[in-house]
Chemist: 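The structure's right below; bear with me while I get my questions together.
The basis for the numbers below is simple: all heavy atoms, side chains too, and nothing from hydrogens, waters or symmetry mates.
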Amino acid sequence: LPDLETTVNKVLGVVSRLKAARQADLSKAQAEAASAAKSQFLADISHELRTPLHAIIMYSELILEEHRNDTDLQRDASQIRIAGRHLMTLINDLLDYSKLEAGRLVLKPEVFSVAKLVSELAGLMKTALAGRGNLLQVAVGDGVTDMNADLTRVRQCLLNLLSNACKFTEKGLITVQVVIEGEALVFSVTDTGIGMTREQCGRIFARWEQADHTTAKSYGGSGLGLAITSQLVELMGGRMGVESSPGQGSVFTIRLPVEVPEKVG
């Protein structure tokens with residue numbers, strides 16, 4: 001009887017472990033299905049919102065073009081365009097987030113001039129810089145020529161850092177620097193803005209997070225921009241970092257290989 005009792009207990013233990021393993025597999029499958037459904041929902045709703053929003057932005061630009069002498073109409077149309085572009089940025093963030101979640105974001109490398117890219121970014125930032133009273137300095141180091149990477153994604157990452165620097169800096173200086181270190185290019189965006197504590201630096205790359213709730217209320221944003229940028233940099237085989245002090249500004253750094261392979265992530 002003791003042997004029988006021991007055998008029964010062993011069998012019951014095995015059955016219990018099998019049930020637990022099956023439940024774990026089921027929970028994992030359910031979680032993956034829920035994640036896929038969420039990503040698909042975000043992708044679908046992003047596409048649905050983009051079409052009417054494009055029309056709103058285009059119509060506001062048409063008003064600005066055709067009614068240049070109407071000050072009141074210019075002011076209203078300009079506000080509509082600003083709000084529309086802001087909303088489009090949030091929608092694009094959601095779309096990128098859904099692609100990264102689902103592992104469907106494809107990198108398409110091409111050869112391009114780094115100096116030309118930085119110059120284009122400076123041009124794109126003119127209006128935002130003027131609106132905040134900021135100055136922009138650009139420094140491209142010796143030996144920095146071309147890189148083979150996804151131009152759209154590299155531009156997106158740098159533009160996001162520049163936009164953040166401008167948003168959190170007023171009547172200050174923003175500097176973009178590019179240097180080559182071995183087989184990598186190091187992009188740094190430095191500002192003289194509000195800065196962050198060490199604790200804030202530790203959480204700003206998490207999705208839906210900003211430095212703190214006060215920052216979110218004062219400056220807006222979805223909290224996705226830096227998280228997406230960080231994931232894109234990792235997908236391209238690079239890494240991203242930040243150094244900052246309250247009241248002393250911030251330095252965001254992106255290190256990318258000169259040759260970024262085609263990849264899906």
Side-chain angles (χ1 to χ4, degrees), residues 43-97 110 112-140 150-178 187 189-194 210 215-226 228-229 232 249-250 252:
D44 290 344
I45 197 170
S46 296
H47 282 298
E48 289 296 326
L49 290 171
R50 283 161 63 94
T51 300
L53 189 55
H54 268 303
I56 292 171
I57 294 172
M58 290 177 64
Y59 187 60
S60 67
E61 291 175 345
L62 183 63
I63 293 173
L64 288 169
E65 181 67 26
E66 295 186 353
H67 299 274
R68 296 182 179 181
N69 296 324
D70 190 328
T71 305
D72 291 338
L73 196 56
Q74 284 277 313
R75 183 182 61 250
D76 292 342
S78 179
Q79 289 300 315
I80 292 171
R81 182 175 64 176
I82 290 170
R85 287 179 174 176
H86 176 65
L87 184 55
M88 183 64 78
T89 298
L90 298 181
I91 292 171
N92 287 336
D93 283 347
L94 282 174
L95 190 56
D96 284 340
Y97 170 76
E110 60 181 290
F112 60 89
S113 166
V114 175
K116 183 179 179 181
L117 169 61
V118 173
S119 177
E120 290 174 352
L121 290 171
L124 289 172
M125 289 297 300
K126 277 185 178 180
T127 301
L129 289 164
R132 299 286 290 172
N134 292 320
L135 296 176
L136 178 65
Q137 286 185 348
V138 174
V140 179
D150 189 316
L151 174 58
T152 299
R153 296 306 176 182
V154 175
R155 183 192 290 115
Q156 178 182 352
C157 291
L158 294 176
L159 191 58
N160 184 57
L161 293 188
L162 282 168
S163 298
N164 270 3
C166 192
K167 181 165 65 173
F168 296 112
T169 305
E170 186 173 9
K171 296 179 181 178
L173 177 65
I174 298 171
T175 303
V176 182
Q177 185 178 40
V178 190
F187 300 84
V189 176
T190 305
D191 66 64
T192 57
I194 61 175
Q210 292 189 333
T215 301
K217 289 181 179 179
S218 301
Y219 297 94
S222 65
L224 278 175
L226 287 176
I228 290 173
T229 300
L232 287 174
S250 305
F252 284 87

Chemist: Just do the side-chain contact (heavy atoms from CB on, under 4.5 Å) check on Leu73 and Ile63 with the steps written out, would you?
Modeler: CA-CA 8 Å; Leu73 196 56; Ile63 293 173; 3.6 Å; yes
Chemist: Could you give me the CA-CA distance, side-chain angles and deciding distance for Thr169 and Asn134, then say whether side-chain hydrogen bond (donor to acceptor under 3.5 Å, both in side chains) is met?
Modeler: CA-CA 7 Å; Thr169 305; Asn134 292 320; 5.2 Å; no
Chemist: What heavy-atom pair brings Leu53 and Gly84 nearest, and what distance separates the two atoms?
Modeler: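 Smallest interatomic distance, heavy atoms only, reads CD2-O, 3.7 Å.
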Chemist: Would a 4.5 Å heavy-atom cut-off, applied to side chains only, mark Phe252 and Thr190 as touching?
Modeler: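 Heavy-atom side-chain distance check fails, nothing below 4.5 Å.
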Chemist: Counting only N and O atoms by type, is there a donor-acceptor contact under 3.5 Å from the side chain of Gln74 to the main-chain atoms of Leu64?
Modeler: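 Pair found, side chain donor or acceptor close to backbone of Leu64.
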Chemist: Side-chain contact, heavy-atom cut-off 4.5 Å: Ile56 with Met88?
Modeler: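 The answer is no, as the side chains (C-beta and beyond) never meet within the 4.5 Å cut-off.
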Chemist: For Cys166 and Ala128, work out which heavy atoms get closest and say how close.
Modeler: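 Here Cys166 and Ala128 meet closest at SG-O, 3.2 Å.
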Chemist: Less than 4.5 Å apart, any side-chain heavy atom of Leu173 and any of Asp191?
Modeler: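 They are not in contact (no side-chain heavy atoms under 4.5 Å apart), so the answer is no.
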Chemist: List the steps, then state whether side-chain contact (heavy atoms from CB on, under 4.5 Å) holds for Phe112 with Val154.
Modeler: CA-CA 11 Å; Phe112 60 89; Val154 175; 4.3 Å; yes
Chemist: Restricting to non-hydrogen atoms, name the atom on Val138 and the atom on Ala122 that form the minimum distance, rounded to 0.1 Å.
Modeler: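 Smallest heavy-atom distance, with atoms named: CG2-CB, 4.4 Å.
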Chemist: Write down the atom of Thr192, the atom of Gly172, and the distance for their closest heavy-atom approach.
Modeler: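 Answer, listing the atom of Thr192 first, then Gly172: OG1-CA, 3.4 Å.
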Chemist: Does any part of the side chain of Leu226, heavy atoms only, come nearer than 4.5 Å to the side chain of Leu161, both counted from C-beta?
Modeler: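 Answer yes - side chains close enough.
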Chemist: Can you tell me how far the CG atom of Leu224 sits from the CG atom of Leu95, to the nearest 0.5 Å?
Modeler: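 Nearest 0.5 Å value for the CG-CG distance: 11.5 Å.
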Chemist: Taking Arg153 for its side chain and Leu232 for its backbone only, find out whether a donor-acceptor pair lies under 3.5 Å.
Modeler: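 Between the backbone of Leu232 and the side chain of Arg153 there is no qualifying donor-acceptor contact (under 3.5 Å).
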Chemist: To the nearest 0.5 Å, what is the distance between CZ (Arg155) and CG (Asp150)?
Modeler: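 The CG atom of Asp150 is 9.5 Å from CZ of Arg155, to the nearest 0.5 Å.
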Chemist: Taking it one step at a time, do Met125 and Val176 satisfy side-chain contact (heavy atoms from CB on, under 4.5 Å)?
Modeler: CA-CA 12 Å; Met125 289 297 300; Val176 182; over 6 Å; no
Chemist: Could you walk me through whether Asp70 and Arg75 pass the salt bridge (charged side-chain N to carboxylate O under 4.0 Å, His left out) test, one step at a time?
Modeler: CA-CA 9 Å; Asp70 190 328; Arg75 183 182 61 250; over 6 Å; no
Chemist: Kindly compute the distance separating CD (Glu48) from CD1 (Ile91), expressed to the nearest 0.5 Å.
Modeler: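 Going from CD on Glu48 over to CD1 on Ile91, the span is 11.0 Å.
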Chemist: side-chain contact (heavy atoms from CB on, under 4.5 Å) between Leu117 and Leu158: does it pass, once the steps are laid out?
Modeler: CA-CA 10 Å; Leu117 169 61; Leu158 294 176; 4.1 Å; yes
Chemist: To the nearest 0.5 Å, how far apart are CD in Gln156 and CD1 in Ile228?
Modeler: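 So the CD of Gln156 and the CD1 of Ile228 are separated by 7.0 Å.
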Chemist: Out of curiosity, Arg81 CZ to Tyr59 OH, how far, rounded to the nearest 0.5 Å?
Modeler: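 One gets 15.0 Å once the value is rounded to the nearest 0.5 Å.
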Chemist: When Leu129 is tested against each of Leu162, Leu135, Ile174 for side-chain contact (heavy atoms from CB on, under 4.5 Å), which residue passes?
Modeler: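 So, applying the side-chain contact (heavy atoms from CB on, under 4.5 Å) to Leu129 and each of Leu162, Leu135, Ile174, only Ile174 qualifies.
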Chemist: How far does CZ of Phe168 sit from OG of Ser163, to the nearest 0.5 angstrom?
Modeler: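 Those atoms lie 11.0 Å apart.
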